[in-house]
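Accompanying notes for the structure given below.
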Amino acid sequence: MPELPEVETIVRGLRSRIVGTTIEGATVRLARMAIPPAHASFDRAIGGELVTGVTRRGKYVVVRLGSGRSVVTSLRMTGRLVVARRGAPEHPATHLVLHLAGDAELRFSDVRTFGRMRLVEPDYAWDALLGVEPLSADFTPQALAGMLAERTTPIKVLLLDQRRIAGIGNIYACEALWEARIRPSRPARALTKPAVTRLHGAIVDVLQRAIASRGTSVDDYVDAEGRRGSFQNALAVYGRAGQPCRRCVKGRIVRILLGQRGTWWCRRCQR
DNA sequence: CCGCCGCCCTGCTTGC
DNA sequence: TGCAAGCAGGGCGGCG
């Protein structure tokens, strides 16, 4: 499922391929996947727009348009954004296609149809509820400590809260806690200062390494060119229930439920 | 503000 | 072997 590193990889791919091209129109095959501005139709509103940039905010892909509007896409679990030539074989669950000048198109597919592509007006603060970007200068050990203070929530549940830190999903929450040697169920306020510092470093480190590996493809994820990432080969805990810990070796990875989410960790070296 | 729950959806896994 | 139930999960709205 696309989290920050996967979305960042998609964004970089899109940036090199669609910036400077014009969106001639759109075909919306499944209406609920496309959210138009008020009192407008998605396909008519987007026709003729120039793509001026592609950025990321949390797990959202933001395509900036010449008019100042933006196309904000949430991929949720199984969404894909792929640039392809018109007529090339397409994913069977392609629900929305942006037709680009020339013979290219941007395809939005999603087996579970949880994803959304939203056309937002200039200056609309669509991301007002999103928290700090973990790879920005604003994300400091002190900022992290401030989020954890007084909170009884399990630290792993808190890492998934997009209102605090934007972009961490289930895979990287598990991996960062393993790297920091912290038990996922620990109440946030129970983390010592050194533990908070380790967690901060681990979050930044695991996200950067995952970006360098072009993301994690455990199931559906592919980048803007349709290629898989390789960070699944570097995972320490996610999906590794029953296998030995890659660090302490003697510990076994177990899977528990936290906040209704599967959570993997090493019983021996995470405390 | 906080925490928790259910819903959305389809494909894969599990169990009889 | 075949079928149905269960499970997975990010974001969001609703509730207390």
Side-chain angles (χ1 to χ4, degrees), chain A residues 1-11 28-35 56-62 71-81 90-96 108-120 124-134 143 146-177 184-190 203 207 210 215-222 232 235 237-242 253-265:
Chain A
M1 50 232 77
E3 305 179 24
L4 187 153
E6 290 74 35
V7 176
E8 180 65 27
T9 304
I10 291 168
V11 162
V28 180
R29 299 176 190 159
L30 185 60
R32 66 168 179 272
M33 304 281 295
I35 305 175
R56 179 191 58 74
R57 177 79 171 98
K59 303 176 195 174
Y60 295 84
V61 176
V62 183
V71 180
V72 179
T73 305
S74 166
L75 299 166
R76 300 288 186 98
M77 273 85 70
T78 53
R80 297 179 176 204
L81 273 182
E90 71 175 29
H91 189 276
T94 301
H95 303 301
L96 205 164
F108 182 26
S109 63
D110 189 348
V111 166
R112 291 189 201 169
T113 73
F114 279 7
R116 294 291 182 267
M117 182 177 278
R118 188 171 173 191
L119 183 51
V120 300
Y124 176 70
W126 63 271
D127 64 343
L129 295 179
L130 283 183
V132 64
E133 282 292 327
M147 295 174 200
L148 311 190
E150 310 297 319
R151 305 292 304 283
T152 57
T153 310
I155 181 61
K156 194 253 187 169
V157 174
L158 194 139
L159 292 181
L160 295 177
D161 186 347
Q162 304 299 299
R163 295 169 302 179
R164 300 184 182 278
I165 306 172
I168 300 175
N170 209 24
I171 295 174
Y172 300 109
C174 291
E175 293 297 311
L177 286 165
S185 59
R186 266 181 83 183
R189 70 181 180 189
I203 289 168
L207 293 175
T216 301
S217 294
V218 284
D219 42 20
D220 290 51
Y221 163 71
V222 293
Q232 62 275 14
L235 295 175
V237 285
Y238 183 86
R240 297 191 67 240
I253 307 306
V254 294
R255 180 185 183 274
I256 62 171
L257 272 184
L258 273 183
Q260 328 291 355
R261 299 284 183 267
T263 302
W264 289 263
W265 60 292

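- Within the nucleic acid shown, Met1(A) comes within 4.0 Å of sugar-phosphate atoms alone, with no base atom in reach, counting heavy atoms only.
- Nucleotide dG13(C) holds its C1' atom 14 Å from the CD1 atom of Ile35(A), rounded to whole Å.
- Contact between the side-chain N/O atoms of Thr153(A) and the OP1/OP2 oxygens of dG3(B) is found at a separation under 4.0 Å.
- Across all strands shown, Gly259(A) has no heavy atoms under 4.0 Å from either base or sugar-phosphate atoms.
- Across all strands shown, dG14(C) forms a Watson-Crick or G-U wobble pair, both distances under 3.5 Å, with dC4(B).
- The line from CH2 of Trp126(A) to CG of Leu119(A) is 13.0 Å long, rounded to the nearest 0.5 Å.
- Nucleotide dG9(C) holds its C1' atom 19 Å from the OH atom of Tyr221(A), rounded to whole Å.
- The OH atom of Tyr60(A) sits 5 Å away from the P atom of dG11(C) (whole-angstrom rounding).
- Of the candidate nucleotides dG11(C), dC2(B), dC8(B), dG11(C) has the atom nearest to the side chain of Gln162(A).
- Residue Arg32(A) places at least one side-chain N or O under 4.0 Å from the OP1 or OP2 atom of dC9(B).
- Side chain Arg261(A) to base dG10(C): a donor-acceptor pair is found below 3.5 Å.
- The distance from atom CZ of Arg163(A) to atom C1' of dC4(B) is 11 Å, rounded to the nearest whole Å.
- A straight line from CG of Leu257(A) to P of dG6(C) spans 16 Å, rounded to a whole angstrom.
- Residues Met1(A) and Leu75(A) have side chains not in contact (no heavy-atom distance under 4.5 Å, counting atoms from C-beta outward).
- Atom CZ of Phe108(A) is separated from atom OG1 of Thr73(A) by 5.5 Å, given to the nearest 0.5 angstrom.
- With distances taken from any side-chain atom of Tyr238(A) to the nucleotides dC9(B), dG9(C), dC2(B), the minimum falls on dG9(C).
- Within 4.0 Å of Asn170(A), counting heavy atoms only, lie sugar-phosphate atoms of the nucleic acid but no base atom.
- Note: NE2 (His95(A)) to C1' (dT10(B)) measures 10 Å, nearest angstrom.
- Among the nucleotides dG9(C), dC2(B), dT10(B), the one closest to any side-chain atom of Val111(A) is dT10(B).
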Working for side chain to side chain contact (heavy atoms under 4.5 Å, CB included), residues Val254(A) and Trp265(A):
CA-CA 6 Å; Val254(A) 294; Trp265(A) 60 292; 3.7 Å; yes
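- The distance between atom CG of Leu258(A) and atom C1' of dG3(B), rounded to the nearest whole Å, is 14 Å.
- Of the residues near DNA chain C, Lys59(A) and Arg255(A), the one whose nearest nucleotide (by heavy atom distance) lies more toward the 5' end is Arg255(A).
- Within the 4.5 Å cutoff, the side chain of Gln162(A) has heavy atoms near those of the Lys59(A) side chain.
- Not one N or O on the side chain of Arg240(A) forms a donor-acceptor pair closer than 3.5 Å with the backbone of Trp264(A).
- Contact annotation: Gln260(A) side-chain N/O to dC5(B) OP1/OP2 distance is under 4.0 Å.
- Contact annotation: Arg164(A) side-chain N/O to dC2(B) OP1/OP2 distance is under 4.0 Å.
- The separation between Asp110(A) atom CG and dT10(B) atom P is 10 Å, rounded to whole Å.
- Contact of Arg112(A) with dG9(C) (side chain to base): a donor-acceptor pair of N or O atoms is detected under 3.5 Å.
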